Structures are given as C-alpha cells and as structure tokens.
Amino acid sequence: MKSRKRFGLFSNVTAITMLVMSLILPSFAFAEGGNESVSDDSFALTLMHFNDSHAHVEGYPKMITAIKEIRQEDPDALLLNGGDVFSGTLYFNEFKGQADVALMNLMGLDAMVFGNHEFDLGDKEGGQKSLSEFVKNANFPLLGTNIDFSGDAYMSGLVGETKFLSNPEAGTIYDGIIKEVKGEQIGIFGLTTEDTIDIASPVNVKFSNYIDEAKRAVSYFEEQGINKIISVNHIGFDSNPNAGNDILLAKHVPGIDIIVGGHSHTKVEEPKIITEDNNGKKKDPTVIVQAFQYAEFLGNLNVEFDENGVLVLDKNGEVDGKLIELKDKADDPEALEVLAPFKEAVEELQNEKTGAFAIKTLENPRLGEGSEISVRANETELGNLVTDAMLAKAKEKFPQTAIAMQNGGGIRAAIDEGEITVGEVISVLPFGNDPVIAELTGQEIKDLLEHSVHNAPDENGGFLHLAGMKYTYDSSKEVGDRVVSMEVNINDEFVDIELDKVYTVTTNNFTGKGGDGFEVFEKAYDEGRVKDIGEIDWEQLRDYMVEEKYLNGVVDPVLEGRIIDVAEEEPTEPTDPEEPEEPTDPGDPTNPDPTPTPEEPGNGDGIDDGSKPGNDNNGDGSDQGEGNDKDQDQTPGQDHQGDNNQNQDGKELPKTATNMYSFMLFGAILLLSGGAIVVYRRIRV
C-alpha cells in the first residue's frame with residue numbers, strides 16, 4: 001500500500017515537473033534569445049542593392065536575372081544603387097555612362113546616389129556634361145542630399161523643384177524621396193563623400209557636411225510621420241573618419257534604420273548592426289550593408305519593423321541579409337540584346353593602340369616557368385614601369401608623394417615588344433584598382449618591406465615593387481629582421497629613410513586596406529591615414545606611357561637595383577669554421593664549395609600564393625572577419641588579391657547548445673526536488 005502511495009506521489013511530482021517545464025521553458029527561451037517574433041502590426045521589407053560597378057556592364061545581365069528572381073518572391077522589393085557607376089572599363093571610356101544606364105533602365109531601380117567617380121569628367125568637359133546625359137536618360141531618380149548642383153550649367157536644371165517628393169520623376173535629382181511599399185511609407189535620402197572635391201573633378205558642384213544633411217533629411221521624414229528611413233551612401237563602410245563613413249553616420253544620426261553603402265568596395269557578407277550611439281548609449285538598431293564591387297554580387301536584405309518603425313532583430317541580434325554571387329546566374333536575354341552593340345564596340349577598342357611602343361618584351365616572370373626570377377620575388381622591368389607610373393600620376397594631385405608600392409600578385413601579364421594596345425594595358429592591371437595615398441613613418445615603411453620579403457627568396461603575392469626608393473635585405477636572416485638599408489629619392493638624390501619621419505606613399509586600394517597581410521596599411525586605413533586619389537590604375541599606366549612629359553610613347557624600363565637581396569650576392573659561409581666541409585678541390589682545402597643547394601620553387605610556407613591557373617588570389621593574407629574586404633578570393637575585375645587562410649584552433653558550439661544545457665539543468669533541478677519529496681515522505685512514513 002505504501003509502495004502504491006509512493007508510486008502515486010512520484011507520478012504526481014513527475015507530472016508537475018513536466019507541467020512547470022512546459023509553462024516556464026518557452027518564456028525562458030524567449031528571454032534568452034530576445035525578440036523571436038513580432039506583433040501583427042509588423043512590416044516586412046525586402047531590399048536589393050549594389051554599388052561600385054565601375055562600368056563593368058557585362059555583369060548586368062546576370063544581375064538582372066537575380067533581381068527578377070527576387071521580385072518573383074516579393075514584387076514590392078526595393079532596389080537601390082550606392083554609386084560609382086562611372087570609370088573603370090572601356091565601356092566608360094567609350095560611352096561615358098550610356099552603356100550603364102541602358103542596362104540599369106532594365107532593373108527597375110528605385111533610386112541611385114552619386115559616387116565620386118560620377119564627377120571624373122568635370123575638368124575635361126567644363127562641367128558635368130556626361131553626368132547630365134546619364135541623369136537625363138535614367139528611368140529612375142537620383143539622390144544628392146548633400147550636393148549643391150546650382151553652379152553647374154549642365155546639372156542645375158535636373159534638380160527637382162521640390163526637395164523631397166513622394167512621387168519622384170525619373171531622370172531628376174532630389175534630396176530625398178518617399179516610397180510607398182505595402183501601404184507603408186519609407187523615406188530615402190543619399191549622401192556622397194565630401195572627399196569628391198579632392199579626388200574627382202566636381203568643378204562647380206559643391207558638397208555639404210554629411211552628418212548635418214543626414215539630420216536634416218531625417219527630421220523632414222519624421223515631421224511627415226515617416227518612421228522607416230533609409231540612407232543610400234557613397235561615403236565608405238569604415239573609410240577615413242575625417243571624411244566620414246557609414247558607421248559614424250549610424251552612431252551620430254538617430255532615426256536611420258538602414259544604410260546602403262558604397263565607395264569602400266567592402267564585402268559586407270553579414271549586415272552590420274549598430275545599436276549604440278557615439279556616446280556608447282543604447283539606440284534603435286541601424287543596419288549597414290554593402291555589396292563589394294563590379295556587379296559581382298547583388299545584396300539582398302530582408303527586415304521587419306515593429307509598429308513603431310523600429311527594426312526587429314532575431315534572437316542573435318541579427319537580421320536576414322546576404323550577398324548573392326552572380327557569376328553562375330544565367331544572362332537575362334533582353335539585357336544581352338541591349339548590351340550587344342556596346343560590347344561589339346568595346347571588343348574593337350581592346351585592339352586599339354595606345355600610342356606607346358615597347359622597345360622590348362616586358363616579361364612577367366614566375367619561378368618554375370623557365371625563369372630564375374619572379375614578379376613575386378624580384379625587381380622586374382615591368383614592375384618598375386608600373387610603379388613609376390603610379391608615382392608620377394599620384395604626384396600630379398599630391399606633390400608630396402615620395403614612394404610608390406605595387407604588390408607583385410596584382411601584375412598579371414607581360415607586354416609584348418611593339419605597339420602597345422589598350423587590351424594589353426588592362427591585362428597587366430586587370431583589377432581596376434583605385435590608387436590611394438597613405439601617410440606612413442619610416443618605421444612603418446620598414447615593417448612593410450619586412451613583410452614584403454618575409455617569404456624570400458620564394459614567391460609571395462604581396463612582394464612589393466617600388467618607385468621613389470630602393471632598399472637592400474638579407475633573405476638568410478630571421479623573418480622580421482631582414483631589411484638592411486632603405487633610401488628614398490628626395491630632389492633626385494637618394495638619402496636614408498628616417499624611422500621617425502612621415503612619408504607619403506601611394507599604392508592600390510587593395511594593398512592600402514591591408515590586403516596580402518599588410519597590417520601596417522590596415523592600421524593606417526583604420527586610423528584614416530589612407531585616402532583614395534580618384535584614379536584608375538590601368539589608366540595611370542596608359543597615360544604615363546604616352547604623355548609627352550613622361551615616356552612620350554617610348555617604353556624601355558630597366559632594372560635599377562631598387563630591391564637587392566644581399567644574401568644572393570655573397571657566398572654562403574661554412575656553418576662550423578672549426579670543422580670545414582670536405583673541399584671540392586683537394587688542392588685547395590681552404591676553399592669549400594660556396595654554392596648553396598638550390599631550393600624548389602614555391603612559397604616555402606605552405607600557403608597558396610595564387611599561382612594555380614584560374615586562381616587570382618595574389619597574396620598570403622588571412623581572413624579579417626565581418627565587413628572586411630582585404631583578403632577575398634579574386635578574379636580579374638576585383639581589387640582583392642589575398643588568400644583566405646584562416647586557421648581555427650577549435651569550433652564554436654552550436655548556438656542552441658547554451659539554451660539546451662540550461663533547459664536540461666532546470667529540468668534536473670525540478671526532478672531532484674521531486675525525488676527529495678519522495679524520500680522525505682518515505683522517511684516520515
């Protein structure tokens with residue numbers, strides 16, 4: 001009878017335990033994870049975006065396919081462009097934006113912000129003539145919240161009479177627009193980097209402070225009762241803080257829900273969420289997205305707003321956003337038809353002569369390909385030509401520039417003897433990189449060079465070619481302590497580089513952001529010491545070769561001893577002088593063979609340097625994490641030339657692990673409590 005009572009008691013305790021767990025654990029899980037669901041008053045929005053296409057119009061047919069696929073799922077999905085449609089390929093050189101706008105008109109764009117490169121032709125055209133033609137032919141509105149076009153005769157008539165409009169007209173410029181989606185109003189405005197005045201040719205176009213103008217736009221929308229606000233920016237994800245960037249904007253201007261970015265070519269694979277203001281205080285979330293470059297990706301963001309217009313985050317504090325890679329998408333047939341006449345003309349231009357003549361073939365040598373030197377390990381004639389062009393063209397805008405650096409992995413093809421075509425120049429530098437300048441100390445330059453030769457004498461995609469300086473190093477020494485001497489050319493005289501002195505260095509923006517593992521450049525970039533100069537690298541090379549003040553069409557670079565490995569110039573000494581090795585000449589026991597055993601070609605550290613066919617990774621950097629584009633895989637047309645070689649010491653537990661263990665522990669406590677009651681009752685009985 002007692003046994004039956006105990007069993008009944010145990011059954012009751014178990015039932016109570018299960019009931020308590022079923023009531024408590026769901027709320028416990030909700031508290032642990034945060035907002036998992038929203039009220040019936042929530043609003044869902046799908047947003048597509050792309051930026052920095054730089055006249056890579058051949059990628060648009062695939063993008064249009066992806067756009068149509070998303071709109072099949074959500075016909076109300078918005079599409080926004082983050083600027084820099086102009087400059088970068090022969091499509092722009094020939095058609096000045098008209099090839100781009102012809103295909104963009106097939107996309108159903110809701111709005112586009114101006115990038116700095118949209119103003120590249122101002123000086124040559126006496127104002128923004130080509131840009132005005134682009135705007136006139138666009139079937140979508142453009143945003144210029146912090147731009148004053150009133151001084152430009154070509155553009156002033158294209159500015160809308162009403163600064164903010166709910167029914168924007170195509171081919172018109174506004175401070176902001178209001179889009180109605182599923183019965184909800186969304187305010188959209190756009191900001192362009194104030195650096196445009198220094199890195200492009202805006203001429204009479206003026207730019208205002210991005211923070212002030214963003215506050216003005218947000219205030220307008222909020223006064224209209226609009227609580228869902230998007231800023232389409234061309235100011236950079238985390239660019240020079242002195243000029244402003246998306247992260248700073250999110251922290252300084254409350255009320256912005258989504259920032260669609262451009263300018264920094266950042267591959268933001270997972271949306272960046274800002275939940276604190278510039279004072280570190282909690283704020284409503286702001287989501288930042290950016291879709292890399294060159295029409296290679298289409299960004300796809302899916303978000304929900306609550307009844308107050310606040311973005312709803314999932315239990316991990318995230319939103320649903322991704323980049324859709326386009327290379328495997330089918331080409332949209334209509335887009336191909338529109339592209340065809342432009343493509344035919346560009347293919348003819350590939351064979352157009354630049355006006356430069358190569359006196360000899362300029363090789364792009366690699367070890368293991370019949371060469372004893374490599375573009376990734378040694379000074380080369382072609383490397384000298386490229387860096388000479390970089391330095392000369394940077395000095396035109398920034399006369400204080402003293403040194404040019406180009407990663408060997410970014411030089412991709414030789415130049416044949418004879419007349420040089422446009423296609424050849426683009427093949428040498430196919431990534432369309434934006435050159436930058438950086439302010440660096442002599443010590444930082446030394447650290448860069450140490451990293452450049454850390455794998456010497458083997459290949460390394462980050463091996464730096466130079467102009468404006470020369471140095472020696474010893475590859476037989478320990479890594480990090482190989483540089484022997486450094487000299488910089490000041491007023492046609494080489495003088496020692498002073499470690500505490502600041503020098504202006506130009507490089508490409510891939511290297512300038514820390515690509516190929518250059519931590520010095522990465523740090524300088526983060527500190528705002530790296531600045532885009534508004535050029536395209538292959539155009540610099542072309543112009544340098546043909547302009548009268550430079551090579552005047554005669555291309556004949558030579559090796560100048562800019563980079564010397566002293567270990568290759570001196571015989572290797574015996575490892576133990578007290579017990580010399582067996583001499584090669586019995587008649588001369590004091591002369592052991594000084595020739596070292598040849599090493600196998602390769603990079604010596606097990607890291608892929610991108611030398612395999614079809615692999616355009618050109619360095620040995622490692623993964624830098626979210627929002628960072630310093631080391632992504634690359635194909636021609638990208639400016640990211642590092643390898644992704646992240647090493648992981650362990651794997652993170654599944655996100656459900658903590659919750660599961662908590663539930664189990666809670667349940668165990670309840671069961672133990674029940675067991676204790678049983679024991680207590682038994683003792684009493």
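Owing to the predicted nature of the structure, the values given are computational and were not obtained by experimental measurement. Basis for what follows: all heavy atoms, side chains included, without hydrogens, waters or symmetry-related copies.
- Side chain of Ser452 to main chain of Leu464: a donor-acceptor pair is present (N/O by atom type, distance under 3.5 Å, no hydrogens or angles).
- In this structure, His451 and Phe521 have side chains that are not in contact, with every pair of non-hydrogen atoms separated by 4.5 Å or more.
- Asn508 and Asn407 are linked by a side-chain donor-acceptor pair at a separation below 3.5 angstrom, with hydrogens and angles left out of the test.
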**OP:** Tell me, with the steps shown, if Lys523 and Glu519 meet salt bridge (Lys or Arg N to Asp or Glu O under 4.0 Å).
**Re:** CA-CA 6 Å; Lys523 180 174 182 289; Glu519 295 179 356; over 6 Å; no
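- Screening Asp76, Asp320, Asn300 for a side chain to side chain contact (heavy atoms under 4.5 Å, CB included) with Thr46, the sole residue that qualifies is Asn300.
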Original post:
Is there a side chain to side chain contact (heavy atoms under 4.5 Å, CB included) between His234 and Thr196 once you walk through the steps?
Top reply: CA-CA 10 Å; His234 196 84; Thr196 301; over 6 Å; no
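- Remark: side-chain polar atoms of Asn51 are not paired, donor with acceptor, to backbone N or O of His265 under 3.5 angstrom.
- With Gln128 contributing its side chain and Pro202 its backbone, the two residues share a donor-acceptor pair below 3.5 Å.
- For Glu118 (side chain) and Val85 (main-chain N/O), a donor-acceptor pair under 3.5 Å exists by modelled atom type.
- Between the side chain of Asp277 and the main chain of Asn279, a donor-acceptor pair closer than 3.5 Å is present.
- Of the possible donor and acceptor atoms, none in the side chain of Thr172 sits under 3.5 Å from a partner among the backbone N and O of Gly160.
- Formation of a donor-acceptor pair under 3.5 Å by the Asn245 side chain with backbone atoms of Leu248 is found in this model.
- The two atoms that bring Asn116 and Thr192 nearest to each other are N-CG2, 4.3 Å, heavy atoms only.
- Surrounding NZ of Lys397 are more than 12 heavy atoms belonging to other residues, nucleotides or ligands, all under 6.0 Å away.
- The closest side-chain heavy-atom distance from Met112 to Met104 is below 4.5 Å.
- Atoms CG and OG, from Asp532 and Ser264 in turn, are 10.5 Å apart once rounded to the nearest 0.5 Å.
- Contact check for Val113 versus Leu191: no side-chain heavy atoms found under the 4.5 Å cut-off.
- Here the straight-line distance linking atom CD1 of Ile324 with atom CD1 of Ile70 works out to 3.5 Å at 0.5 Å rounding.
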**OP:** Dump the intermediate steps for salt bridge (Lys or Arg N to Asp or Glu O under 4.0 Å) on Asp434 and Lys513, then the final yes or no.
**Re:** CA-CA 11 Å; Asp434 293 349; Lys513 292 180 187 177; over 6 Å; no
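- There is no side-chain donor-acceptor pair under 3.5 Å between Asn209 and Glu213.
- Donor-acceptor pairing under 3.5 Å is recorded for the side chains of Thr504 and Glu439.
- By the 4.5 Å heavy-atom criterion applied to side chains, Met405 and Thr511 are not counted as neighbours.
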Original post:
Would Tyr525 and Asp238 count as a side chain to side chain contact (heavy atoms under 4.5 Å, CB included) if you check the C-alpha gap in whole Å, the side-chain angles of each, and the deciding distance to 0.1 Å?
Top reply: CA-CA 9 Å; Tyr525 180 84; Asp238 55 358; 3.4 Å; yes
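- Residues Asn227 and Phe305 form no side-chain contact, since every pair of their non-hydrogen atoms from C-beta on lies 4.5 Å or further apart.
- Considering every non-hydrogen atom in both Ala291 and Phe297, the closest pair reads O-CB, 4.0 Å.
- Under the side chain to side chain contact (heavy atoms under 4.5 Å, CB included) test applied with Met155, the options Leu131, Asn204, Ile147 reduce to a single match, Leu131.
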**OP:** For side chain to side chain contact (heavy atoms under 4.5 Å, CB included), just list the numbers for Ile186 and Phe43, CA-CA rounded to whole Å, side-chain angles, deciding distance to a tenth of an Å, and then say yes or no.
**Re:** CA-CA 11 Å; Ile186 300 171; Phe43 166 69; 4.1 Å; yes
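- Counted within 6.0 Å of NZ on Lys281, heavy atoms from surrounding residues, nucleotides or ligands total 12 or fewer; the atom is thus considered open.
- Atom NZ of Lys251 has 12 or fewer neighbouring heavy atoms from other residues, nucleotides or ligands inside a 6.0 Å radius.
- The shortest distance between side-chain heavy atoms of Val260 and Leu47 falls below 4.5 Å.
- We find that Lys228 and Glu184 are joined by a salt bridge, their nearest charged nitrogen and carboxylate oxygen being less than 4.0 Å apart.
- Other residues, nucleotides and ligands contribute more than 12 heavy atoms inside 6.0 Å of the NZ atom of Lys283.
- Pairing each heavy atom of Leu313 with each of Val319, the nearest pair is CD2-CG1, 3.6 Å.
- Here Tyr220 pairs with Phe164 under the ring-ring contact (aromatic ring centres under 6.0 Å, His included) rule; sequence neighbours left out.
- Atom OG1 of residue Thr266 and atom CD of residue Gln293 lie 9.5 Å apart, to the nearest 0.5 angstrom.
- Ring geometry for Phe86 against Phe134 counts as perpendicular: the plane angle is over 60°, on a 0 to 90° scale with 30° as the lower cut.
- Across every non-hydrogen atom of Ser156 and Ser150, the tightest pair is CB-O, 3.9 Å.
- Looking only at distances, a side-chain donor or acceptor of Asp84 sits under 3.5 Å from a matching main-chain atom of His117.
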**OP:** Give the C-alpha distance, both sets of side-chain angles, the deciding distance and a yes or no for side chain to side chain contact (heavy atoms under 4.5 Å, CB included) between Glu169 and Tyr174.
**Re:** CA-CA 9 Å; Glu169 297 180 7; Tyr174 299 95; 3.5 Å; yes
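- If you take CG on Asp526 and OG on Ser239, they are separated by 10.5 Å, rounding to the nearest 0.5 Å.
- A salt bridge links Lys531 with Asp198: the distance from a Lys NZ or Arg NE/NH1/NH2 to an Asp or Glu carboxylate oxygen falls below 4.0 Å.
- Between the CD1 atom of Ile229 and the CD atom of Glu222 there is a distance of 5.0 Å, given to the nearest 0.5 Å.
- Atom NZ in Lys395 sits 6.5 Å away from atom OG1 in Thr401 (nearest 0.5 Å).
- Side-chain contact between Tyr210 and Val253 is absent, with no heavy atoms from C-beta onward closer than 4.5 Å.
- Summarising the geometry of Arg71 relative to Met107, their closest heavy-atom pair is NH1-O, 2.8 Å, with the distance given to 0.1 Å.
- A donor-acceptor pair is defined here as one N or O able to donate and one able to accept, closer than 3.5 Å; no such pair exists between the side chain of His54 and the backbone of Asp52.
- Across all non-hydrogen atoms, the minimal contact from Glu276 to Gly280 is CD-O, 3.7 Å.
- Arg216 places a side-chain heavy atom less than 4.5 Å from the side chain of Asp175.
- A donor-acceptor pair under 3.5 Å is formed between the side chain of Thr506 and the backbone N or O of Val436.
- The number of heavy-atom neighbours closer than 6.0 Å to CD1 of Ile197, taken from other residues, nucleotides and ligands shown, is 12 or below.
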